[in-house]
Every structure is written in structure tokens, then in C-alpha cells.
Amino acid sequence: MDTLTRDALTVLQPGFTGTTAPDWLLRRLGEGLASVGLFGRNIASDEQLSALTARLRAEREDVLVAIDEEGGDVTRLEVRTGSSFPGNLALGAVDDTELTRAVAGELGRRLAACGVNLNWAPSADVNSDPGNPVIGVRSFGADPALVARHTAAYVEGMQAAGVATCAKHFPGHGDTSVDSHHDLPRVDVDLATLEARELVPFRAAVAAGTKAVMSAHILLPALDPRLPATLSPAALHGLLRAPVGKGGLGFDGLIVTDGMEMRAVADNYGIERGSVMAVAAGADAICVGGGLADEETVLRLRDALVRAVRDGELSEERLADAAGRVRGLASWAVGAGSRVVPAPEVGLVAARRALRVTPSAGYAPFDGPVHVAAFTPLANIAVGDETPWGVGAELERLLPGTTSGTYGRDTASADTVLRAAGERRIVAVVRDVHRHGWMAAALSALLGARPDTVVVEMGLNQALPVGALHIATHGAARVCGVAAAEVIAGVRVASA
């Protein structure tokens with residue numbers, strides 16, 4: 001196979017379906033493909049994942065095995081059980097960078113043990129818009145300095161475990177009201193605001209040595225009035241790559257695109273043209289596979305890149321440079337090794353520390369079964385709807401006889417919950433209640449009828465409903481639910 005075609009394959013980071021590597025993927029690894037992206041559908045257990053990555057490395061020793069494992073709400077390693085690690089917002093709420101470093105290190109250690117060496121994390125976005133539909137608890141918070149110091153700690157902790165980090169979503173997805181999975185977000189801020197807010201954590205990530213940065217499919221007219229950041233030379237070459245002394249971030253590592261099949265790019269440019277434009281703009285690796293996970297997609301993108309070079313739309317040198325950066329990171333990963341001491345309980349420790357509990361006078365822990373009412377919004381695509389969340393499972397263990405019900409937009413009402421609860425006390429579990437009018441209305445009516453209801457907020461803690469007890473977990477990881485249930489059942493006391 002000629003060098004041009006091999007380079008075109010090298011810059012792709014495709015996914016696949018199933019829990020074993022398909023023949024077509026193994027064959028393409030032999031032809032130059034250097035990266036594989038894993039999703040929840042590819043993972044059944046640590047043992048199965050280890051066998052899968054070993055099979056990939058039997059074909060190509062230095063293959064980059066990438067995953068979107070943020071911990072917290074976004075988990076692929078524990079997609080069917082919920083994460084053993086709280087997410088970014090919980091870590092930001094604690095604001096102990098040593099704890100963040102330890103959590104990232106232990107998560108990285110577990111990923112490395114399963115053969116994963118590139119994590120599409122952390123989110124370095126400053127969540128300046130609390131109504132943001134896609135970032136939210138995935139961010140360390142709304143303060144740029146806080147987000148910056150925890151982004152740096154996360155990068156240092158995970159890379160100490162031998163897993164490359166990929167700070168995302170450059171130049172910042174926190175001030176958007178549109179999910180780029182569905183449409184093209186527009187961020188109308190001036191360059192001074194961008195510098196003082198969005199770029200602060202990314203500069204910290206670069207200074208901490210992050211091996212990769214992921215671009216965002218967002219339009220910032222002050223930076224580029226026409227092209228989203230993923231496709232914009234001004235964003236990637238002119239800002240991310242430019243030397244610090246010339247106003248850039250001076251990043252010399254791997255630039256990875258967000259998923260090219262996301263509608264912000266796919267609907268406006270198509271994935272083939274979008275991939276060519278991204279590489280021409282300065283991206284080095286094309287992420288695809290969340291939705292399109294087949295050999296045909298890989299061949300379409302490979303051939304589009306080759307054709308663009310031959311037609312003069314993409315320089316051969318730019319493609320070769322991108323492929324070289326991919327191979328360079330793969331070489332680093334082979335020799336990285338781990339310097340992390342195992343800390344298996346650090347995730348639960350962090351989740352307990354992240355709780356914010358507002359007690360009412362005279363509150364006493366439950367000593368009998370309760371009814372858990374989970375008010376459940378539609379999950380965004382990044383989180384997915386496979387991963388369980390809430391406090392029901394843990395309360396059923398701690399308080400035998402406890403029951404749980406799930407209530408959505410069309411079924412959430414105080415009367416429905418009250419009928420299901422009977423004489424039992426109620427624990428209402430919500431997720432971003434400030435963003436969902438139907439949820440806020442149902443919760444208000446429930447508290448009016450049963451003011452002794454306990455409220456557990458597992459999203460952003462923007463509202464403070466008055467109940468017998470209010471618990472903010474700052475995320476919906478399994479360990480966050482465990483920590484909240486311990487307080488409700490009186491197993492552990494958390495301070496306000």
C-alpha cells in the first residue's frame with residue numbers, strides 16, 4: 001500500500017460494533033490504521049476488554065486504543081453499572097487538586113490495566129451557561145481558574161498512569177445552549193472574553209503536558225465568522241498551534257476532532273468533506289464511530305483524504321504531518337508505564353466529600369423502607385441512556401422493602417408518586433431540575449403535599465427545593481448515589 005493511503009488510514013480513529021474485533025478492523029490495522037475508538041457497546045467486562053485490546057495489539061503493537069471515559073455521568077468502562085468515580089463537577093465542588101489527581105490516576109490505572117492508552121477526557125469547558133444541554137456536570141465548574149487547576153491535575157494524574165489525556169472541547173463548549181450532536185452551536189463572545197474565560201483551562205492543560213486536545217464543533221464568529229472550530233484554520237492552526245508569544249497556546253501534541261458524524265458538521269459539510277477540511281485546518285486525528293461504525297465509513301474517509309491530496313485540496317505534507325503526530329503519540333504510549341499507586345476506594349471517598357447537604361430542623365435518618373421517585377429527563381447523547389443512575393438500588397439494599405419508580409415528562413405528577421408511595425416517606429431524585437419545567441412543577445406539587453420529602457439533585461445544583469433534606473451530589477455516578485443513600489439511611493453523616 002502506498003504511503004499516501006497509509007497516512008490517510010493513520011489519521012482515522014474509527015469505532016466498530018460488538019465485543020470482539022471484526023476481521024475488517026484487524027486487516028486495516030495491518031494496512032496502516034493506528035487508532036481504534038471504543039464505546040459502551042464494545043465493553044462487557046474488564047476481562048473481555050483486556051482480551052479485546054490484546055487482540056488489537058497482536059495485529060499492531062503500538063495501536064492507540066481510545067475511549068470516552070470521563071467518569072461521572074459519562075462512562076464507557078462501567079456503562080451498565082454506573083461509574084466508580086465521580087465526575088468533574090463533584091471534583092470541582094470539593095476543590096482539592098490532590099484528590100482530582102488521585103481520582104484521575106486511579107481511573108487511568110484501571111484503563112491502562114485493560115489496555116486503553118488514550119482517553120478522550122477531561123472536559124476543560126467552563127460551564128458558564130447553567131442551561132447548557134450537553135456540558136453541565138461534565139465541567140469542573142463555572143470559574144475559569146478552578147476549572148484550570150483541576151484540568152491540570154486531571155491531566156497529570158491520568159498521564160502518570162500511562163494513559164494520554166485529550167482535553168476537550170477546544171476552544172470551549174461551556175457557553176452554548178445547543179448540543180452539537182444535534183445542531184451547530186454559536187458562541188457570540190468577543191476575543192477578550194474567550195481569552196479570559198474559555199482558553200484559561202486549555203492553557204493549563206497544555207502547560208500540564210496533555211498529549212492531545214479535542215476540537216469542538218462550535219462557531220465563534222469573533223474567531224472565525226464562517227467555519228466551526230473543528231474546520232477552522234484560525235482556531236486550530238492560528239490559535240491552538242500558534243506560539244504563546246503570538247497569542248496562541250503553543251500546543252504541539254495531537255489535535256483530535258470531536259465525532260465527525262455529529263450533526264453540527266455532518267449536516268452542513270458531510271463527513272467526507274468535513275474530514276478533509278479538518279485535517280487541512282490542522283486536525284491530526286479524525287474521530288468517527290459513535291454512530292457510523294463500519295468498514296465502509298473508514299474506506300469512505302480514507303479515500304476522501306487521498307482524493308483531496310491528489311486534487312490539490314489538501315497538501316500531502318499536512319496529511320503526513322498529521323499521521324506523524326498520531327504515530328508519535330502511539331510511540332509514547334508504548335513506553336509510558338504507570339507511576340500510580342492503586343487507590344481502589346478513592347472514587348467513593350471523593351463522592352462522599354462532594355455531597356452538599358442542607359438539613360431541615362429535626363430531620364432524622366430513615367429507619368424503614370421508602371419510595372424513591374426518580375424524575376428522569378432524556379439523556380444527552382454524550383451520556384447515553386444505558387447507564388443507570390439514582391439512589392434507588394442502594395436504598396433498597398440499606399432499607400429493605402424500598403421501592404422505586406421512574407417518572408418522565410408525560411408521567412410525572414404528585415398524585416402518581418403519592419399513590420405509589422402510600423404511607424412510606426418519599427425520596428425525590430432529580431437531574432438538572434432548573435432546566436426542566438415539567439420536573440420543577442411536579443417536584444413543587446409533591447413537596448406541597450409531602451413536605452417531609454427528601455430531595456436529591458444529581459445534576460447542577462441551581463435550585464434549592466425546600467424539603468426535609470436536600471442533597472446535592474454534583475453528578476449521577478453510581479458512587480454519588482451510594483454516598484447520598486448513606487446519608488439518607490443514616491449510615492454516614494455529611495456536613496452542610
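Computed from heavy atoms alone, side chains included, the values below leave out hydrogens, waters and symmetry copies.
Annotation: side chain of Glu70 is in contact with side chain of Asp68 (closest heavy-atom distance under 4.5 Å). Using a 4.5 Å heavy-atom threshold, the side chains of Pro14 and Thr297 count as separate. By the 4.5 Å heavy-atom criterion applied to side chains, Arg431 and Val137 are not counted as neighbours. Taking the side chain as every heavy atom from C-beta outward, Met214 and Val256 approach each other to under 4.5 Å. Annotation: side chain of Asp95 is in contact with side chain of His150 (closest heavy-atom distance under 4.5 Å).
Under the 3.5 Å distance criterion, the side-chain polar atoms of Lys168 are matched with a main-chain donor or acceptor of Trp120. Between the side chain of Asp321 and the backbone N or O of Glu317, no donor-acceptor pair lies under 3.5 Å. At distances below 3.5 Å, at least one donor-acceptor pair connects side-chain atoms of Ser139 with backbone N or O atoms of Asp125. Between the side chain of Asp175 and the main chain of Val126, no donor-acceptor pair closer than 3.5 Å is present. Judged purely by atom type and a 3.5 angstrom limit, Glu295 has no side-chain atom pairing as donor or acceptor with the backbone of Trp24. No side-chain donor-acceptor contact under 3.5 Å links Asp73 to the backbone of Trp389. Of the possible donor and acceptor atoms, none in the side chain of Asp432 sits under 3.5 Å from a partner among the backbone N and O of Arg435. Although no hydrogens or angles enter the test, the distance criterion places a donor-acceptor pair under 3.5 Å between the side chain of Arg241 and the main chain of Phe251. Listed for the Thr53 side chain is a donor-acceptor partner under 3.5 Å among the backbone atoms of Cys114. Remark: side-chain polar atoms of Gln159 are paired, donor with acceptor, to backbone N or O of Thr165 under 3.5 angstrom.
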Derivation and outcome, salt bridge (Lys or Arg N to Asp or Glu O under 4.0 Å), residues Asp252 and Lys211 = CA-CA 9 Å; Asp252 194 40; Lys211 297 296 179 181; over 6 Å; no
task = Please step through side-chain hydrogen bond (donor to acceptor under 3.5 Å, both in side chains) for the pair Thr10 and Asp7, ending with a clear verdict.
result = CA-CA 5 Å; Thr10 298; Asp7 285 350; 4.8 Å; no
task = Starting from the C-alpha separation in whole Å, work towards a yes-or-no answer on salt bridge (Lys or Arg N to Asp or Glu O under 4.0 Å) for Glu457 and Arg356.
result = CA-CA 10 Å; Glu457 170 62 86; Arg356 296 296 179 266; over 6 Å; no
request  = Apply salt bridge (Lys or Arg N to Asp or Glu O under 4.0 Å) to the pair Glu195 and Arg203, showing each step before the final yes or no.
outcome  = CA-CA 10 Å; Glu195 179 65 40; Arg203 290 191 184 278; 3.0 Å; yes
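Summarising the geometry of Asn127 relative to Gly136, their closest heavy-atom pair is OD1-N, 3.2 Å, with the distance given to 0.1 Å.
For the side chain to side chain contact (heavy atoms under 4.5 Å, CB included) with Glu272, the lone residue among Arg300, Met277, Arg302 that qualifies is Arg300. Results of the side chain to side chain contact (heavy atoms under 4.5 Å, CB included) test with Glu69 over Ile43, Leu38, Leu77 single out Leu77 as the only residue that passes.
Taking the six-membered ring where the residue is Trp, Trp438 and His436 present tilted rings, their angle falling between 30° and 60°. The aromatic rings of Tyr407 and Phe375 are tilted relative to each other, their planes meeting at an angle between 30° and 60°.
If you check the side chains of Ser84 and Arg478, you find a donor sitting under 3.5 Å from an acceptor.
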